[in-house]
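Worksheet for the structure shown next.
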Protein chains: 2
Amino acid sequence: MNRTASIKDVATHAGVAVGTVSNVLNYPDRVSERTRERVLRAIDELGFVRNDAARQLRVGHSRTIGLIVLDVGNPFFTSVVRAAEDAAALQGSAVLLGDSGHNAGREANYIDLFQEQRVQGLLISPVGDVSERLDLLRERGVPTVLVDRLADESKFSSVAVDDDAGGYLAARHLLDTGRRRLAFVGGPTSIRQVADRLQGAQRAVKEEPDAALEVLDAEGQTVLAGRSVGDMLVERGGAELPEGIFCANDLLALGVMQSLTMTHTVRIPEDVALIGYDDIDFAVSAVVPLSSIRQPTQLLGRTAIELLSEEVESQNPVHRSVVFTPELVVRQSTAPADAG
Amino acid sequence: MNRTASIKDVATHAGVAVGTVSNVLNYPDRVSERTRERVLRAIDELGFVRNDAARQLRVGHSRTIGLIVLDVGNPFFTSVVRAAEDAAALQGSAVLLGDSGHNAGREANYIDLFQEQRVQGLLISPVGDVSERLDLLRERGVPTVLVDRLADESKFSSVAVDDDAGGYLAARHLLDTGRRRLAFVGGPTSIRQVADRLQGAQRAVKEEPDAALEVLDAEGQTVLAGRSVGDMLVERGGAELPEGIFCANDLLALGVMQSLTMTHTVRIPEDVALIGYDDIDFAVSAVVPLSSIRQPTQLLGRTAIELLSEEVESQNPVHRSVVFTPELVVRQSTAPADAG
DNA sequence: TCGTACCAATGAAACGATTCAATAAACTTC
DNA sequence: GAAGTTTATTGAATCGTTTCATTGGTACGA
């Protein structure tokens with residue numbers, strides 16, 4: 001009862017050759033109905049489970065794809081992961097998931113691990129600079145697709161979302177609903193995403209001669225950081241308040257919302273309209289349901305798998321960069337002022 | 001430049017035998033400094049990466065542990081996963097993560113996949129009834145530890161958190177801060193966790209002759225469900241309101257909080273104290289910071305790995321069930337009424 | 001009846017690592 | 001310097017699959 005049965009045991013037990021058992025497993029129609037059933041019965045009786053290591057050793061590659069994300073706890077990545085898993089399953093692969101936690105060391109560990117596993121390829125949302133680690137992968141010929149990061153097409157394929165377009169969308173929506181004095185609340189612009197969203201917003205504001213955009217720095221991307229920005233605004237009070245606020249993510253927006261609604265002097269959306277970014281689960285269930293920018297995470301995950309398949313199948317690698325445009329989700333927090 | 005280098009290539013390139021290369025990899029001090037360096041240089045020059053399939057085939061088992069959770073998006077599991085990964089890394093193993101998404105089919109797929117990978121063992125937070133699927137694992141002799149689920153010790157080891165104790169803790173805290181008329185807000189008691197938490201709360205209430213506990217059903221475990229319970233309470237109004245509310249999870253509590261604070265007639269914690277369960281990230285950044293019950297997720301993950309190691313190492317399996325007691329986290333939402 | 005074609009089934013070779021008994025080389029010790 | 005001991009290296013055997021050239025059998029047409 002100790003050692004698990006091997007294909008040889010199955011062959012003996014069913015009275016056939018090992019090659020036949022292998023055929024039952026991999027090419028069922030190459031073998032006659034009668035023997036197929038006999039083999040399947042033997043497999044069942046012995047509790048045989050194929051040893052994937054041996055299979056992999058023989059065929060030279062695994063049926064797994066490595067996926068390394070920055071933070072599995074982040075709903076954005078969770079959704080990407082799930083979509084990637086589903087897409088991979090459809091083509092008969094499985095996803096090995098690694099969470100680097102924004103830590104280059106952990107990332108390197110996963111890269112090594114996945115290479116030892118001879119994954120078919122790698123989807124990676126890299127930590128910090130796209131650097132030597134990735135170049136090494138390229139040299140080794142490991143098909144790699146960058147996720148949520150634009151890549152030099154001479155080097156890698158990539159899938160990303162256009163943050164500039166998202167920022168434009170958000171600001172344009174505030175302008176379209178009649179707001180003119182706008183504010184952008186965001187963390188440090190050293191984060192590319194934040195900088196791009198701001199840039200998009202500025203582009204929209206420039207289109208309206210009578211509109212203005214004020215930039216308010218937040219210390220981080222959290223609810224609490226949002227709340228202190230909100231508190232600052234409340235102190236300013238009345239006529240000094242912006243008419244529309246665009247926050248670089250939903251957490252900030254929820255913080256601002258808490259702060260503004262707590263003091264019962266400011267109404268959302270009548271006095272101030274508010275829009276966030278990411279469309280997290282909490283956005284819809286905020287005190288005032290929060291308008292937001294939704295990123296097509298499912299599409300990202302699915303497309304990443306597709307690009308990887310292309311890389312795996314073609315010999316001479318032609319890289320592609322796919323950039324998706326995010327989507328505006330309108331809720332009560334930006335309802336037109338006059339309708340409110 | 002195509003095929004990746006094998007250990008034989010390295011041996012040739014370094015002018016040594018394959019066994020020596022293997023020794024450099026696995027028992028570095030068995031080999032002299034000089035040849036070790038020569039081999040390492042060859043490894044570097046050829047970009048050799050060990051083929052884990054071959055290694056695994058020879059030694060008979062992998063260095064990976066399978067972990068199947070119900071929902072990676074759930075912060076509870078995310079935290080367990082991370083702790084398990086860290087603990088596994090410490091003992092030189094890696095975790096293969098699978099997300100069943102509460103779906104028995106996906107779960108079965110991962111179980112099969114992980115068995116084909118010959119994982120050392122399996123940590124699983126099983127979907128629904130602990131059933132034949134798991135019995136099969138037992139028969140096959142795959143070391144398995146149940147996570148967040150109590151197991152029959154004759155069959156499996158397990159790690160879980162005592163929800164009854166958590167419920168008791170929450171209700172006791174409300175009573176200790178002077179509240180007497182309490183309410184429990186929870187989803188269907190068909191969910192074991194909900195039933196246990198309620199039971200614990202009832203146990204605490206029974207200790208105080210003048211205390212009472214009212215049970216309010218919510219349709220689900222979401223913010224919105226909490227809000228409709230809150231709306232119902234607001235309509236009741238004034239003297240009919242409970243003095244303390246215990247919600248079966250933080251989402252419900254946040255919903256109730258939104259509803260009560262939105263109408264500016266009820267104050268938290270002065271009029272009503274509120275406590276949730278899980279201590280999610282949002283609890284601390286709610287409008288009124290939410291008291292909650294925190295589950296020792298890190299400990300869960302770490303202990304699960306430890307129990308699995310025990311199973312793997314000992315031949316005759318002695319199963320253990322470890323139950324942790326959750327922890328009370330006091331914040332403003334349950335500050336004593338007189339102090340408010 | 002023979003030749004041809006087709007279909008099932010066979011079993012040895014190969015994948016790339018680890019292991020281990022055997023050997024060679026380098027030291028000790030008296 | 002011979003015998004004994006330790007240390008370093010070797011290379012064939014092995015793990016459990018898949019692959020593929022080969023064989024044996026059956027059916028068909030001429």
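Here is the naming used below: chain letters follow the sequence lines, and residue numbers restart at 1 for every chain.
Near DNA chain C, meaning a heavy atom under 4.0 Å from it, residues 32-47 of chain A has A:S32, A:T35 in order of number.
Nearest heavy-atom pair across B:S62 and B:V119 is OG-CA, 3.5 Å. Across A:A83 and A:R302, no two heavy atoms sit closer than the pair CB-N, 4.2 Å. Looking at every heavy atom in both residues, B:A151 comes nearest to B:S157 through CB-O, 4.4 Å. In terms of heavy atoms, A:F324 sits closest to A:L300 at CD1-CD2, 3.9 Å. The two atoms that bring A:S93 and A:Q120 nearest to each other are OG-OE1, 3.1 Å, heavy atoms only. Nearest approach of A:F156 to A:L134, heavy atoms of both residues: CZ-O, 3.4 Å.
Residue pairs meeting the salt bridge (Lys or Arg N to Asp or Glu O under 4.0 Å) criterion with at least one partner in residues 43-66 of chain B, sequence neighbours excluded, are A:E116-B:R50, A:E116-B:R63, B:D52-B:R55, B:D52-B:R63. Residue pairs meeting the side-chain hydrogen bond (donor to acceptor under 3.5 Å, both in side chains) criterion with at least one partner in residues 95-104 of chain B, sequence neighbours excluded, are A:R82-B:D99.
Taking atom NE2 of A:H61 as the reference point, atom C1' of D:dT19 lies 13 Å away to the nearest angstrom. Rounded to a whole Å, the CD atom of B:Q56 is 11 Å from the C1' atom of D:dC15. Following rounding to the nearest Å, B:R63 (CZ) and C:dA17 (C1') show an atom-to-atom distance of 12 Å. Here D:dG16 presents its C1' atom at 14 Å from CG of B:N51, a figure rounded to the nearest Å. D:dC15 atom C1' lies 13 Å from atom CG of A:D9, rounded to whole Å. A:R55 has its CZ atom 15 Å from the C1' atom of C:dA14, to the nearest Å.
Paired with B:R320 under the rule side chain to side chain donor-acceptor pair (under 3.5 Å), one option of B:E153, B:E310, B:E306 passes, and it is B:E310.
An end-to-end axis angle of 40° holds for the helix from C:dT1-D:dA30 to C:dC30-D:dG1, taken from five base pairs per end and rounded to 10°.
B:Y110 pairs by the ring pair (Phe, Tyr, Trp, His ring centres under 6.0 Å) definition with B:F114, not counting sequence neighbours.
Among the nucleotides D:dT17, D:dG11, C:dA17, the one closest to the side chain of B:A17 is D:dG11.
Backbone-only contact: B:V16 has heavy atoms under 4.0 Å from sugar-phosphate atoms and none from a base.
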At a cut-off of 3.5 Å, list every protein nitrogen or oxygen paired with a nitrogen or oxygen from nucleotides 19-23 of chain C, distance to 0.1 Å.
{"unit_1": "C:dT19", "atom_1": "OP2", "unit_2": "B:Y27", "atom_2": "OH", "d": "3.2"}

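In this structure, B:L57 and B:G15 both approach DNA chain D, and ranking their closest nucleotides by distance from the 5' end singles out B:G15.
Residue B:R50 places at least one side-chain N or O closer than 4.0 Å to OP1 or OP2 of C:dT18.
Under 3.5 Å, the side chains of A:Q91 and A:S309 contain a donor-acceptor pair of N or O atoms.
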